[in-house]
Amino acid sequence: MTRDPSITFAAPMNEIRTEVAASIVAAVPGLVVADVYRQLESPPDPAMGDFAFPCFTIRDRFGNAPPPAVATQLAAKVARPASILKVETKGPYVNFFADPGALAKSVLVAAHAAGEGYGRNEMGKGETVVIDFSSPNIAKPLGIAHLRSTVIGNGIRRLWQACGYTVIGVNHLGDWGTNFGKLISAWKKWGSEEELKLKGVEFLKDLLVKFTETAKLDPAYQQDARDWFRKLETGDAAAKALWQHFRDISLTEFKRVYALLNVDFDSWSGESDYVDKMDAAIKELEAKGLTSHSEGAYVVDLSAHGFKEPFLLRKADEASLYGTRDLAAILYRRRHYGAKKLIYVVAADQKLHFKQLFKVASLLGLDAEPVHVDFGLMRIVNAEGQREKMATRKGTIVLLQDVLQSAIDRVNEIIVDREWDEAKKARIAHAVGIGAVIFNDLSRTRTKDIDFNLQQMLDFDPETKAFKGETGPYLQYTFARLSSALRKYGKPVSGEVDFKLLATDDDKGVARQIGRYPQIVHDAATRYEPSIVSRFLIDLSGEVNRFWKQQRILSDDAGLTAARVLLVSSARQVLRSGLALLGIEAPEEM
RNA sequence: GUCCCCGUAGCUCAGUUGGAUAGAGCGGCGGUUUCCUAAACCGCAGGUCGUGCGUUCGAAUCGCACCGGGGACACCA
């Protein structure tokens with residue numbers, strides 16, 4: 001599916017690939033270009049060629065000869081396409097070596113023509129998707145665990161935009177529920193406007209923790225909290241005013257962190273916005289006869305659909321649950337935005353919840369595709385050396401703001417001697433520090449759990465004062481190097497150059513990576529996997545830096561310089577574009 | 001107990017959806033700068049792909065079983 005050749009967009013490598021497939025089909029009657037195209041692989045080592053055709057499946061057309069013999073016969077029959085330099089047999093494979101000039105031309109003409117739009121496609125033209133991400137709980141500080149949903153969601157949002165979709169980014173704030181009964185109850189007992197002003201959300205969290213501990217010993221507290229939540233849900237003015245106050249304080253703090261991360265949302269409607277839509281959703285369920293009572297609660301029985309547990313609509317005390325609000329929200333998003341796809345970027349521990357939710361929604365006839373994009377948990381290693389889920393109540397929370405700040409501090413150590421004014425230093429420290437943190441998260445497959453480790457997150461050598469290895473700063477550094485060379489060049493980049501001059505393996509290595517980009521964007525979007533972009537940018541930067549060491553861009557040879565300037569400017573453009581997809585800035589200098 | 005995710009070099013991870021000799025980064029050892037940013041580049045060392053069966057011309061990749069880590073399993077979100 002990710003290699004569906006019917007999806008066409010500016011993917012220059014695919015043109016040469018099609019030529020290769022056509023040449024094989026011409027040599028072996030009966031084969032279909034699309035099939036052969038799909039079977040073409042990239043050899044594990046560029047020294048083995050650019051495209052490889054495995055001969056295992058066409059043995060029957062060669063008298064069931066062993067694959068290596070088939071390869072030899074096929075190679076002899078293939079008419080070499082124009083953009084292919086040579087055709088070689090290696091074991092069961094027929095390998096095609098793209099002509100460096102032809103490869104460079106096909107890639108760079110496309111990249112230059114598309115400009116900043118290179119890599120985008122029109123797959124989703126006219127369609128809308130809603131993506132729910134970040135979605136923190138009010139009255140708890142943003143912890144490092146919130147980083148995952150925020151940056152993965154932001155990445156997916158940008159990827160789908162790059163595929164032509166209209167994307168609505170929703171921050172579904174956790175601003176409703178029994179917790180707020182507890183919080184109000186706690187506030188009535190121990191609240192202090194002064195402390196709240198001083199400590200902000202941290203103070204609200206302390207109140208909740210204190211309440212939870214006290215309530216363990218005295219059940220009367222629980223009852224008080226339930227009463228307060230009921231008042232809140234039935235519109236009690238005093239309760240509502242306090243809730244609004246806590247919400248405002250939290251939001252102000254959250255927005256500061258989002259600004260640091262360069263993340264924004266189209267909608268901030270949280271759970272509370274669906275309180276007045278829950279009854280309508282429940283009525284729809286009732287109209288279809290899907291509701292029932294069980295153990296005092298009001299539920300949707302899902303046992304006929306392979307679920308042991310029912311979907312809870314109302315608790316025994318009539319109070320709503322987050323599932324009820326999620327149900328109202330999913331219907332609203334489909335109807336209000338006309339979305340064909342509803343994406344939820346939420347940790348893997350909620351898989352069951354979303355399976356149930358999606359099932360209930362489909363029983364109501366939801367005609368959109370809901371997708372739970374799950375990701376691994378951020379774990380913390382506790383005092384006994386055991387991994388466990390981070391939890392606000394256990395105090396095992398690392399503040400996101402603190403992590404971001406220490407990243408920025410480290411960059412400041414590096415650039416302290418640069419001859420820049422303070423504003424510029426601050427700007428670059430911010431871009432690079434935040435880039436390090438975001439990339440660290442987005443560079444691994446999203447379903448894997450992560451052990452929180454600040455040291456590892458900010459892989460930093462105090463001796464040389466530098467970030468090392470496969471990091472955000474590595475990509476930014478590569479970008480800055482290229483920017484520097486182009487600044488020095490100082491002239492407009494021409495798209496009309498002699499591509500044959502880009503003849504070295506180093507030139508070809510860079511061009512090949514640039515050519516992969518459109519397919520990378522497509523694959524990363526359809527697999528909801530920003531790390532595909534991250535890995536690609538590492539590969540591209542590796543090629544660029546190897547090139548940088550081995551070759552010169554600016555030289556006395558005007559023709560070669562012009563060609564290499566085009567190559568390098570395209571690479572730089574892809575770096576900036578790819579980093580932007582990940583939500584990472586690309587400073588010109590660092 | 002049932003279900004889900006993960007297990008690849010000392011550490012952190014890739015592995016083109018079943019193909020060639022399993023690749024990077026960090027850490028270790030050794031190199032590279034009269035020249036566009038050395039936050040870089042090159043080389044060396046380091047692997048029974050958790051274990052065992054099976055499917056296949058071919059398995060890190062698919063199936064089954066087991067081991068280890070994490071998570072979920074109705075009135076929290």
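Every chain is numbered from 1 and lettered A, B, ... according to where its sequence line falls, protein lines coming before strand lines. Only heavy atoms go into these numbers, but all of them, side chains included; no hydrogens, no water, no symmetry mates.
- An anti orientation is assigned to U21(B), its glycosidic angle lying beyond 90° of 0.
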Nucleotides 4-11 of chain B: which of its N/O atoms have a protein N/O under 3.5 Å away?
unit_1, atom_1, unit_2, atom_2, d
C4(B), O2', Lys351(A), NZ, 2.9
G7(B), OP1, Lys448(A), NZ, 3.3

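- For U17(B), the base has a donor-acceptor partner in the side chain of Arg527(A) [N/O atoms by modelled type, under 3.5 angstrom].
- Inspection of the Ser292(A) and Asp301(A) side chains reveals no N or O donor paired with an N or O acceptor under 3.5 Å.
- One cannot find a donor-acceptor pair under 3.5 Å joining the base of A39(B) and the side-chain atoms of Asn545(A).
- Glu470(A) and Ser443(A) share no side-chain donor-acceptor pair at under 3.5 Å.
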Base-pair map of RNA chain B as dot-bracket, where | denotes pairing with a different strand and pairs are Watson-Crick or G-U under 3.5 Å: (((((((..((((.....[...)))).(((((.......))))).....(((((..]....))))))))))))....
Are any protein N/O atoms closer than 3.5 Å to N/O atoms in nucleotides 61-64 of chain B? If there are, list each pair with its distance.
none

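- If you check every strand for non-hydrogen atoms under 4.0 Å, Leu352(A) touches sugar and phosphate atoms only.
- At the heavy-atom level, Glu543(A) lies nowhere under 4.0 Å from the strands shown.
- Here the side chain of Phe56(A) is nearest to one of G69(B), G71(B), C57(B), namely C57(B).
- Applying the ring-ring contact (aromatic ring centres under 6.0 Å, His included) criterion to His353(A), with sequence neighbours excluded, gives Tyr322(A).
- Atom CG of Asp505(A) has 12 or fewer heavy atoms from other residues, nucleotides or ligands within 6.0 Å.
- Every residue two or more places apart in sequence or in another chain that forms a ring-ring contact (aromatic ring centres under 6.0 Å, His included) with Tyr344(A) is listed here: Phe354(A), Phe358(A).
- Atom pair Phe536(A):CZ and G15(B):C1' shows a separation of 17 Å (rounding to whole Å applied).
- Comparing A9(B) with G52(B), their P atoms are spaced 16 Å from each other, to the whole Å.
- Counting atom types as modelled, Tyr322(A) pairs a side-chain N or O with a base atom of A77(B) as donor and acceptor under 3.5 Å.
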Please test Arg512(A) against Glu543(A) for salt bridge (charged side-chain N to carboxylate O under 4.0 Å, His left out), starting from the C-alpha separation and ending with a verdict. CA-CA 9 Å; Arg512(A) 189 190 293 114; Glu543(A) 294 293 344; 5.0 Å; no
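- Side-chain contact check for Asn545(A) and Tyr477(A): no donor-acceptor pair (N or O, by modelled atom type) lies under 3.5 Å.
- Nucleic acid contact class of Ile415(A) (heavy atoms, under 4.0 Å, all strands): base.
- Looking at heavy-atom distances under 4.0 Å, Leu312(A) makes contact with a base.
- Contact check, Arg387(A) against G70(B): no side-chain N or O comes under 4.0 Å of OP1 or OP2.
- Between Asp35(A) and Gln39(A), the side chains place no donor N or O within less than 3.5 Å of an acceptor N or O (distance only, hydrogens not considered).
- Counting any heavy atom pair closer than 4.0 Å across all strands shown, Gln550(A) reaches no nucleic acid atom.
- Contact annotation for Ala319(A): no contact, since no heavy-atom pair falls under 4.0 Å across all strands.
- Residues from residues 57-69 of chain A that place a heavy atom under 4.0 Å from any atom of RNA chain B: there are none.
- Residue pairs meeting the salt bridge (charged side-chain N to carboxylate O under 4.0 Å, His left out) criterion with at least one partner in residues 351-360 of chain A, sequence neighbours excluded, are Lys351(A)-Asp374(A).
- Judged purely by distance below 3.5 Å, without hydrogens or angles, the side chains of Asp506(A) and Gln551(A) pair a donor atom with an acceptor atom.
- At least one donor-acceptor pair closer than 3.5 Å links the side chain of Asp449(A) to the backbone N or O of Leu377(A).
- Sorted by first then second residue, the salt bridge (charged side-chain N to carboxylate O under 4.0 Å, His left out) pairs that include residues 558-571 of chain A, not counting sequence neighbours, are Asp507(A)-Arg564(A).
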Please write out the pairs of protein N or O atoms and N or O atoms of nucleotides 29-32 of chain B separated by less than 3.5 Å, giving the distance to one decimal.
unit_1, atom_1, unit_2, atom_2, d
U32(B), O2, Lys549(A), NZ, 2.7

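- At a threshold of 4.0 angstrom between heavy atoms, the contacts of Gly177(A) are confined to the sugar-phosphate backbone, with no base atom among them.
- Straight-line distance between the C1' atoms of C49(B) and G7(B): roughly 10 Å, to the nearest whole Å.
- A sub-4.0 Å separation between OP1 or OP2 of C13(B) and a side-chain N or O of Thr445(A) is absent.
- In this structure, Gln350(A) reaches the bases: a heavy-atom distance under 4.0 Å links it to at least one base atom across the strands shown.
- For the pair Arg576(A) and Phe479(A), the NZ or CZ position fails the cation-pi test of under 6.0 Å to the six-membered ring centre and within 45 degrees of the ring normal.
- C29(B) and C53(B) are spaced 41 Å apart, taking the P atom of each and rounding to whole Å.
- Pairs of residues two or more places apart, or lying in two chains, that qualify as salt bridge (charged side-chain N to carboxylate O under 4.0 Å, His left out) and include a residue from residues 302-314 of chain A are Asp279(A)-Arg314(A).
- Among the heavy atoms of the strands lying under 4.0 Å from Ala297(A) is at least one base atom, whether or not backbone atoms are also near.
- The nearest pair of heavy atoms linking Leu232(A) to Phe180(A) is CD2-CB, 3.9 Å.
- Nucleic acid contact for Pro54(A): none, since no nucleic acid atom lies under 4.0 Å from a heavy atom of the residue.
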In sequence, state the C-alpha distance, the side-chain angles, and the governing distance for Arg516(A) and Gln519(A), and then conclude on side chain to side chain donor-acceptor pair (under 3.5 Å). CA-CA 6 Å; Arg516(A) 287 177 64 204; Gln519(A) 187 75 49; over 6 Å; no
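- Base contact: Ile553(A) has a heavy atom under 4.0 Å from a base atom.
- Counting atom types as modelled, Arg552(A) pairs a side-chain N or O with a base atom of C35(B) as donor and acceptor under 3.5 Å.
- Residue Asp556(A) is out of contact with every strand shown, counting any heavy-atom pair closer than 4.0 Å.
- Using a 3.5 Å distance cut-off with no hydrogens or angles, the side chains of Thr291(A) and Tyr298(A) do pair a donor with an acceptor.
- Relative to the side chain of Arg535(A), the nucleotides U21(B), C13(B), A72(B) differ in distance, and C13(B) lies closest.
- Within the nucleic acid shown, Arg564(A) has no heavy atom closer than 4.0 Å to any nucleic acid atom.
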Find every protein N or O atom lying less than 3.5 Å from an N or O atom of nucleotides 45-51 of chain B, and list the pairs.
none

Report each atom pair, protein N/O against N/O of nucleotides 26-28 of chain B, whose distance is under 3.5 angstrom.
unit_1, atom_1, unit_2, atom_2, d
G27(B), OP1, Lys468(A), NZ, 2.7
G27(B), OP2, Lys468(A), NZ, 3.4

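- Phe536(A) has its ring centre less than 6.0 Å from the ring centre of Tyr517(A).
- Closest contact between the side chain of Arg546(A) and the listed nucleotides A14(B), G71(B), C42(B) involves C42(B).
- Comparing A72(B), A20(B), G1(B) by their closest approach to the side chain of Lys308(A) singles out G1(B).
- Comparing the P positions of U48(B) and U61(B) gives a spacing of 16 Å, expressed to the nearest Å.
- Within 4.0 Å (heavy atoms only), Glu588(A) reaches at least one base atom of the nucleic acid.
- For U34(B) and A38(B), the C1' atoms lie 16 Å apart once the distance is rounded to whole Å.
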